[in-house]
Peer 1: 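Sending over a structure as structure tokens; questions will come in a sec.
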Amino acid sequence: MQNNDKYDFKTIEKKWQQRWEQENTNKVTHQGGRPKYYVLEMFPYPSGRIHMGHVRNYSIGDVIARYKRMQGFNVLHPMGWDAFGLPAENAAMKRGIHPAAWTYENIDYMRGQLKAMGLSYDWDRELATCRPDYYRWEQQLFLKMLDQGLIYRKETTVNWCNDCQTVLAREQVIDGTCWRCDQPVQPKIMNGWFFKITNYAEELLADLSKLSGWPEKVVTMQRNWIGKSTGLACDFKVADSDQTITIFTTRPDTVFGVTFMSLAVEHPLLKALTAGKPQEPEVNVFIRQTIIDKQRASLDQEQDKKGVFTGSYCINPFTGDRVPIYAANFVLMEYGTGAVMAVPAHDQRDFEFAQKYGLAVRVVVQPTDEPLDLAAMTEASEESGILIASGPFTGLDSQAAQQAIIDFAEKSGIGRAHITYRLRDWGISRQRYWGAPIPVIHCTTCGIVPVPQNELPVLLPGAGELKGNHSPLHQQEDFIATTCPRCGKAAKRETDTLDTFVESSWYFARYTNPGLTTGPIDQEAAAYWLPVDQYIGGVEHAILHLLYARFFTKMLRDLGYLTVDEPFTNLLTQGMVIKDGAKMSKSKGNVVDPNELIEQYGADTVRLFSLFAAPPERDLEWNAQGVEGASRFLNRVYRIISQNLSCFKSSAAIEVTSLNESSRQLYRKTHQTISRVTENIETNFHFNTAISGVMELVNLVAATTGEQKAIDPAVLRETLETVLTLLFPMVPHFCEELWQVSGHRQPLHTAFWPQYNLEAAREEEITIVVQINGKVRAKLQVPADIEDQALQQAAVNDEKIASLLENKVPRKIIVVPKKLVNIVL
RNA sequence: GCGAGCGUGGUGGAAUGGCAGACACACGAGACUUAAAAUCUCGAGGCCUUAUGGUCGUGGGGGUUCGAGUCCCCCCGCUCGCACCA
């Protein structure tokens with residue numbers, strides 16, 4: 001073998017990376033007549049070095065970006081750093097350096113890694129959320145939201161992670177533990193800032209129907225998370241008192257079956273209801289115990305239903321019945337009104353509770369299939385049906401009754417139609433250092449005063465010098481002390497920093513003009529580029545990040561910055577990288593370092609493997625031998641092209657009519673491959689099958705050129721050019737190099753995606769399957785344009801079929817045009 | 001419990017209701033080589049059969065259809081999400 005047949009990826013990759021960088025190949029503006037395409041991968045946290053999940057994510061994104069460029073689109077493909085967050089603080093503590101220093105070091109290193117992968121980012125647009133030129137605009141947005149009443153402050157019981165020393169949003173609590181450190185979360189009463197995401201609950205829900213380019217699974221998860229319920233809010237008077245308790249129910253049709261009421265232990269009226277009653281001491285014990293149980297049991301599943309009678313009764317406004325009020329451990333204060341009308345016959349929880357405490361069960365809805373026998377009931381009947389024993393509503397079906405009862409309640413002033421959501425407002429206060437400071441000042445005279453625009457950004461102390469104190473801001477006296485912008489007296493700065501999910505909620509809009517110095521978002525650039533046409537990332541962000549980004553988009557639209565309703569038209573949730581049956585992670589000790597692989601095989605091989613081993617949405621099982629295979633394939637292509645360079649010398653056109661059989665076959669296969677690869681990419685980004693298509697073509701080239709079959713040089717040239725063009729988005733350095741070696745003057749990245757020629761791709765002969773009773777009995781070679789009638793004739797006349805048929809007369813013959821004949825006996 | 005998804009050779013995976021297992025990995029045999037690596041050629045789902053061929057086969061059971069990996073119903077298993085949401 002000749003020396004120059006060796007695929008020297010190290011030299012090649014370096015060469016092209018340098019050239020692309022020098023020529024600023026991937027720089028784009030929002031000018032020009034080409035249609036735009038915005039492809040975005042979820043930006044990484046600069047944790048130190050990239051992992052295989054990143055490699056996979058960015059390889060997928062890069063193929064799409066390069067493919068769309070070749071299709072003639074003006075492609076925006078940016079990269080940046082989601083740079084605030086706790087790991088920086090932990091690492092800083094451990095190593096005795098500043099979180100900013102650690103973060104910027106990591107960014108520099110990881111940027112180098114991404115460049116070594118040959119990813120086609122417009123690096124001029126790189127942003128890092130921890131830089132003041134990013135977070136100052138976030139602070140400005142915060143102030144605008146504050147001004148618009150979209151932010152408020154309240155005291156709540158928050159989820160506190162003692163290890164991380166911070167509050168967590170509800171979405172960040174997983175099975176009662178912290179999403180980051182896995183430690184149990186505890187409740188704590190604190191004052192904090194909230195975004196009114198619930199203002200947008202209805203729109204966030206309704207617009208899910210616009211997201212046809214999202215996986216159904218993610219849409220469903222979001223819908224469940226928003227959790228809309230419609231029903232009746234109804235006021236129950238407390239007997240012998242002027243108090244009223246409002247309940248919420250989604251089953252107003254069961255209101256005649258109420259036999260007791262249950263309250264959450266945190267319900268504000270609970271103390272008053274039991275005050276002075278003999279039950280008071282017992283109730284107080286129960287409240288304390290339940291609160292403790294709730295904390296401790298957050299990890300485990302459901303607890304037993306428990307409760308205690310308060311000593312008070314309330315009046316069912318529909319029946320006038322006097323029913324006992326219980327405090328119960330299963331009622332949530334955070335949902336509905338914290339008070340539940342209990343209908344044991346038609347609610348399983350109430351049923352269990354009633355059984356345990358000997359409370360009455362009253363059937364009021366009769367399912368249509370079989371009547372309920374109260375004595376025989378072992379569980380509640382939650383189905384709808386026909387109302388019985390329900391006063392004027394008796395005889396209505398559940399659905400009609402719900403509306404009639406709500407109407408009645410509204411007319412008589414005892415209740416009203418009500419909608420409730422599971423979605424809660426977004427708590428954004430964090431007691432951490434490494435985050436964007438919340439730009440307000442607390443003044444004893446003026447209260448909460450926004451930091452004036454011209455004083456932004458409120459800089460994170462010490463972050464600029466990459467040294468100094470980096471304890472949480474409430475421990476930094478120098479930072480806290482300030483004067484009130486309104487009255488001039490001594491005042492204190494807010495010491496909370498923003499949840500890092502705020503940064504990632506609008507970065508995709510900032511990318512459209514990240515250098516803008518006059519505001520957070522360049523409205524013209526954003527109007528041009530947004531929405532993101534293709535967003536790519538892990539499914540673990542299906543709820544948190546994607547919901548927040550959708551909320552921000554709608555809010556920024558209402559504030560006049562954006563013109564779109566939804567940020568991401570199409571979403572691709574890529575699967576995890578698995579090894580030995582588990583997700584790659586440090587704790588499992590099964591990580592594969594991409595650096596070593598790139599060092600050993602080259603970036604193109606690693607990219608090719610990660611695209612070939614599985615379709616993008618599925619989990620990818622890591623396989624070291626698979627990388628070997630990808631490497632082997634590239635070497636093979638390199639060799640084949642090196643050995644056939646002579647075909648590039650002439651630019652003669654293909655004379656179809658004069659081609660020999662092998663040349664015609666290769667010509668045909670080439671165009672079939674273009675068609676197939678294009679379709680694989682267009683329909684669902686199934687690069688694995690696209691690659692296998694190119695492999696088949698390469699296999700055919702090897703088979704036909706290897707045996708001196710005199711392939712027409714023009715055909716061979718077209719085939720090899722096609723191979724390089726089709727593979728270019730996946731293995732760009734490799735293809736660019738061979739493109740140049742084969743004598744092309746214009747670089748491949750400026751070339752257009754090949755068009756396939758329908759005429760060229762058409763087969764002259766096709767194989768037809770002949771079945772008898774659905775079993776394959778013969779195969780026929782027939783002209784591709786055969787008519788059904790002739791096809792059927794040919795099948796019946798086939799020697800083998802004829803002998804199998806003997807003299808039997810077929811009952812029926814099915815002809816699938818150009819595919820199959822099935823003879824039914 | 002509710003919701004979503006998945007189940008195909010030794011492995012990753014491929015199949016608009018129409019030849020199951022493309023492509024690749026691993027494996028076996030051969031060629032080249034003093035040898036190895038690399039490369040090239042061939043083989044390969046199970047069972048029966050010398051081959052030809054036959055037969056079974058996409059988690060299990062039923063159904064629709066001329067024809068089912070694919071559509072429908074039931075069951076089993078795995079993965080993910082939510083979970084006392086009134």
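We name chains A, B, ... by the order of the sequence lines, and we start the count at 1 in each one.
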Peer 1: In terms of side-chain heavy atoms of Asn822(A), which of A24(B), G67(B), A86(B) is nearest?
Peer 2: G67(B)
Peer 1: Examine A86(B): is either OP1 or OP2 under 4.0 Å from a nitrogen or oxygen in the side chain of Lys305(A)? Give yes or no.
Peer 2: no
Peer 1: Touch check for Lys779(A), heavy atoms < 4.0 angstrom, all strands: base, sugar-phosphate only, or nothing?
Peer 2: base
Peer 1: How would you label the contact of Asn699(A) with the nucleic acid (heavy atoms, under 4.0 Å): base, sugar-phosphate, or nothing?
Peer 2: sugar-phosphate
Peer 1: Could you list, one pair per line, each protein nitrogen or oxygen that sits under 3.5 Å from a nitrogen or oxygen of nucleotides 1-10 of chain B, together with the distance?
Peer 2:
none

Peer 1: Does Arg811(A) reach a base, just sugar-phosphate, or nothing at all? Heavy atoms under 4.0 Å.
Peer 2: nothing
Peer 1: Using a heavy-atom cut-off of under 4.0 Å over every strand shown, decide if Arg223(A) touches base, sugar-phosphate, or nothing.
Peer 2: nothing
Peer 1: Please give me every residue in residues 326-335 of chain A whose heavy atoms get under 4.0 Å of an atom in RNA chain B, ordered by residue number.
Peer 2: Phe330(A), Val331(A), Leu332(A), Tyr335(A)
Peer 1: Which part of the nucleic acid, if any, lies within contact of Pro215(A), taking any heavy atom under 4.0 Å across all strands shown: a base, the sugar-phosphate backbone alone, or nothing?
Peer 2: nothing
Peer 1: Can you figure out which of A86(B), U39(B), G54(B) approaches the side chain of Arg632(A) most closely?
Peer 2: U39(B)
Peer 1: Can you tell whether the side chains of Asp619(A) and Arg56(A) come within less than 4.0 Å, N to carboxylate O?
Peer 2: no
Peer 1: Ignoring the backbone of Phe612(A), work out which of A24(B), A22(B), A14(B) is nearest its side chain.
Peer 2: A24(B)
Peer 1: Can you figure out which of C85(B), C40(B), C82(B) approaches the side chain of Arg349(A) most closely?
Peer 2: C85(B)
Peer 1: If you take any heavy atom closer than 4.0 Å to RNA chain B, which residues from residues 812-820 of chain A end up in contact?
Peer 2: Lys812(A), Ile814(A), Val816(A), Lys819(A), Leu820(A)
Peer 1: Within the 4.0 Å heavy-atom criterion, would you say Asp619(A) contacts the bases, only the backbone, or no part of the nucleic acid?
Peer 2: sugar-phosphate
Peer 1: Can you list, pair by pair, the side-chain donor-acceptor contacts under 3.5 Å of residues 765-780 of chain A, counting residues two or more places apart and other chains?
Peer 2:
from	atom 1	to	atom 2	distance (Å)
Glu765(A)	OE1	Gln781(A)	NE2	3.1
Thr767(A)	OG1	Gln781(A)	OE1	2.6
Asn773(A)	OD1	Leu825(A)	N	2.9

Peer 1: Please tell me which of the listed nucleotides, C82(B), C23(B), A86(B), lies nearest to the side chain of Val340(A)?
Peer 2: A86(B)
Peer 1: Find the partner of C82(B): check Watson-Crick (N1-N3 plus N6-O4 or O6-N4) and G-U wobble (N1-O2, O6-N3) distances, both under 3.5 Å, and reply none if neither fits.
Peer 2: G1(B)
Peer 1: Lys10(A): what forms a salt bridge (charged side-chain N to carboxylate O under 4.0 Å, His left out) with it, not counting sequence neighbours?
Peer 2: Glu599(A)
Peer 1: Throw together a table of side-chain donor-acceptor distances under 3.5 angstrom for residues 252-262 of chain A, partners on residues two or more places apart or in other chains.
Peer 2:
from	atom 1	to	atom 2	distance (Å)
Asp253(A)	OD1	Arg251(A)	NE	3.0
Asp253(A)	OD1	Gln402(A)	NE2	3.0
Asp253(A)	OD2	Arg251(A)	NE	3.3
Asp253(A)	OD2	Arg251(A)	NH2	3.0
Asp253(A)	OD2	Ser398(A)	OG	3.1
Thr254(A)	OG1	Arg251(A)	O	2.8
Thr259(A)	OG1	Ala360(A)	O	2.9

Peer 1: Which is true for Asn688(A) with a 4.0 Å heavy-atom rule: it touches a base, it touches only sugar-phosphate, or it touches nothing?
Peer 2: sugar-phosphate
